[in-house]
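Since the model is a prediction, treat every value here as computed from it, not as a measurement. Numbers restart at 1 for each chain; the letters A, B, ... are given by sequence-line order, proteins then strands. Note that these values count all heavy atoms, side chains included, but never hydrogens, waters or copies made by symmetry.
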Amino acid sequence: MAAEKAEIDALKKECDGLRTKIEAARKAVNDSTMTDAAGGVDTVGRVQLKLRKTLKGHLAKIYAMHWAADSRQMVSASQDGKLLIWDTFTGNKLIAVPLKSAWVMSVAFAPSGNLVASGGLDNICTVYNIKSASPKTLRELDAHTGYLSCCRFLSDSEILTASGDTTCCLWDLETGKQKIIFTNHIGDCMSLALSPDGNTFISGACDSLAKLWDLREGTCKQTFSGHTSDINAISFFPSGNAVITGSDDCSCKMYDLRADQEVTGYQDTSLNAGVTSLALSNSGRLIFAGYDDFNCHIWDTLKGEKVGVLSGHDNRVSCTGVPEDGMGVCTGSWDSFLKLWN
Amino acid sequence: MTINTMDKGGWHRQQMSCFRKMEKLIVAMQDPDMGIKMRNQRLLITVIPHAMTGRDVIDWLIQKYRMCEEEALHLGGMLVRYGYIYPLKEPRSLVLRADETPYRFQTPYFWTSTRWPASEIDYAIYLAKKNIRKQGELMEYEKERYSLLHKRINHTWDFVVMQAREQLRASKQRRKADRIVLECQEQAYWLINRPQPGAHNILDVGLERPNNFSSRVTLNSDYYKSEIEACRRALGRNRVKSSICLEGFVKFSEQYQNHDPIMQGCLPSNPWISDDSAHWTMNAEMVPTPTRLRVERWSFSFRELLNDVMGRREFMTYLEKEFSAENLCFWQACENIRHGESSRIVEKVEEVYKAFLAPGAARWVNIDSKTMAHTLEGLKHPHRFVMDAAQMHIYFLMKKDSYPRYLKSDLYKNMLARAIVPQETKKSVFPFMRRQRHSSPSPAQAFTQVLEEDGRAQAGTNAAGSHV
């Protein structure tokens, strides 16, 4: 026993030593701050977005939403046990998908628009074909040993899932089998996002780390630390060169992939609610972050300042999303409503 | 994604700030000079002092904050749902009615934030009192909870019963009106903190997330060994100077600012605002003439060009002129393999090999010998990514060579010149409602000022005309 412990301690020491060296290497390239780099940029002033539409239809808390690639349809998931597919332009509900398990935590729209997926405390990611006469279950992806926190389609044949069992997984939808399991996190994976070029993805977990993974090799390429609590939300900067995270520690952070380190933090002493979700505007200039304080706060990515707020929900903002065409932002809340703003 | 662990005190932290805001409002409402004018309310035969009607609450909010009725109803409703104001007549109906329905302010002693978290013992005492006062007065769900509590905190049950009796005895000595008030307040408190099954639970913090690291990943020697490997790899990675990276972000945001509808608006109009889907029609995947912004984006990066179906088609036309279209065809075929169905991979790889890589192939692509050898080796066991190296080679070839020349070509320049710049159209109903987005208006806005003025002038003459 003692020998084992001694070995682990020695390994841990070596590990810590390497981590210190990595920090030093990062510091060595850190020759500027975002404040300096963005010094010449105009401020955005006060960003005041108006509420354009409120989508009513769910009967319980909304936990997740995802835009379709056409920037017009959107799917939302609620603990009333339904997925609703909306035409956000008209405000109509197009399709209702009844769920086997009401404890849903995540939902995704396939880029083709043919499929949606959802999952939650049932540990299963269920994929539905919504183009058939009535929504049909296409696949039940059942291999995770923890809850499903997030899912994203790569295409109609592949889907990525993040789970409370600390792993992320790439599935083949034709066979319904796992293709690659991404293990490295030591806490529940809460969120994932695909890179714009489709070669990598990032995940945020309860171990307060964000990790970049290679979709082909299945390995963790980079790890980012700095948060002091669970990372709930994660997204790529539209250029694909940075990662934005939102955490229970009430802050958001931006990590640069090429410099391999944190570049800016977004926090405010008046904000003492955890970040639940986030989305970026198309130019990457604005971050829309949903918080537990019932609001969605808007940050200027480059200046690091809070520039606006979207108020109107009666309960926690659980999900945020900007469609591909960047027309506006949608917030979903535990108050069972989805609101569209721009 | 929103699940919270209870033990971190997270709920406490953020709900508290919301409660503080509501409490400020409540205190203002009770201000003797500027607050709501209270009156006595008759409840059956008893008169309850210091009560108000739902209408009073709404009117006060409207007047004090200059808000509309809808918002006042919304805000007042929140105060009722969070227990700061409670209804006298139907205690279980936690809604604010904008009529003569009587309400009362909850005493600070019973504010949720004051007595957080509501303790099990207190709840047990409350249920015990109800039980003793009137046998069988407990509702079904209360009976269930009572017996559950009895099991769970059995060791302190004597204390519970004793406290209940003591509190009942003390209340008997109060005036009837006071007693009723206290009972109402206490009941209101418990309706919020231990809601009826099926009732909306505002204190719900969501799905429990068991955050137990040690039970999931054992931090043993294997774990550390792989961590050390990862760290060694990470140490060796190439890191780019921050200054260069940061400048990249700034440049990107600036370049895309005009393409960001939230930042700069969009032409002809934002469908969400104008209820006109013209923008989507103009920017559909395939249109006879694309918009200018879209064609501009093709020059931002090679990826932007390839991501756009029309852009790819244009680029293909250009490559055909240059007799290098097979490169793009090959690239597209590889994408097809990468993202297509698993069952067809072997078949597709065969096809691609025959068409592009085999000696004497009709559309032979020029890849270096090393990559070719590597690819041929991989073809023995075809898989989704077997063409990656070759595809990457061709991608960079196009990016470094053909793409820059395409951007300088007449084909592109003509497309850019022909591209549509949509005219701005707005909702014609309220032309004077201009929203100041931020200091630097988009060029479209300057144009609209003129339209606006014209519009108003028009309206003026129309109005004048209609009076004739």
Pick whichever of [options] has the most heavy-atom pairs under 4.5 Å with chain B.
{"options": "A:A60, A:G328, A:A25", "result": "A:G328"}
{"options": "A:D314, A:V41, A:V329", "result": "A:D314"}
{"options": "A:I8, A:L286, A:V29, A:D172", "result": "A:V29"}
{"options": "A:M254, A:K221, A:R72", "result": "A:R72"}
{"options": "A:E7, A:R216, A:M34", "result": "A:R216"}
{"options": "A:S32, A:G326, A:G284, A:S283", "result": "A:S283"}

Which atoms of [X] come close to chain A, meaning under 4.5 Å heavy atom to heavy atom: side chain ones, backbone ones, both, or neither?
{"X": "B:S226", "result": "neither"}
{"X": "B:R237", "result": "side chain"}
{"X": "B:D276", "result": "backbone"}
{"X": "B:Q255", "result": "neither"}
{"X": "B:N283", "result": "neither"}

Taking the side chain from [X] and the backbone from [Y], do they hold a donor-acceptor pair closer than 3.5 Å?
{"X": "A:D165", "Y": "A:T145", "answer": "yes"}
{"X": "A:S239", "Y": "A:N241", "answer": "yes"}
{"X": "A:T33", "Y": "A:D36", "answer": "yes"}
{"X": "A:E174", "Y": "B:S342", "answer": "yes"}
{"X": "B:S243", "Y": "A:D31", "answer": "no"}

Name the region of [X], side chain, backbone, both or neither, that has any atom closer than 4.5 Å to a heavy atom of chain B.
{"X": "A:L173", "value": "neither"}
{"X": "A:K12", "value": "both"}
{"X": "A:Q222", "value": "side chain"}
{"X": "A:D325", "value": "both"}
{"X": "A:T183", "value": "neither"}
{"X": "A:P111", "value": "neither"}

For chain A, find which of [options] contributes the most heavy-atom pairs closer than 4.5 angstrom.
{"options": "B:V250, B:N238, B:L75", "answer": "B:V250"}
{"options": "B:E71, B:E247, B:M78", "answer": "B:M78"}
{"options": "B:Y256, B:F300, B:Y224", "answer": "B:Y224"}

A:D197: which residues meet the side-chain hydrogen bond (donor to acceptor under 3.5 Å, both in side chains) condition with it, sequence neighbours left out?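 By the side-chain hydrogen bond (donor to acceptor under 3.5 Å, both in side chains) rule, A:D197 matches A:S195.
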
Using 4.0 Å as the upper bound for N to carboxylate O, is an ion pair formed by [Y] and [X]?
{"X": "A:K5", "Y": "A:D9", "result": "yes"}
{"X": "A:D300", "Y": "A:R285", "result": "yes"}
{"X": "A:D335", "Y": "A:K61", "result": "no"}

Under the ring pair (Phe, Tyr, Trp, His ring centres under 6.0 Å) rule, what do A:W341 and A:F288 come out as? Steps first, then yes or no, please. CA-CA 11 Å; A:W341 318 72; A:F288 300 98; 9.8 Å; no

Should A:L51 and A:L340 be marked as a side-chain contact (heavy atoms from CB on, under 4.5 Å) after you check the CA-CA gap, both sets of side-chain angles, and the distance that decides it? CA-CA 6 Å; A:L51 174 62; A:L340 302 178; 5.8 Å; no

Side chains of residues 15-23 of chain A: which donor-acceptor partners sit under 3.5 Å, not counting sequence neighbours?
residue, atom, partner, partner atom, Å
A:R19, NH2, B:E227, OE1, 2.7
A:T20, OG1, A:D16, O, 2.7
A:E23, OE2, A:R26, NH1, 2.9

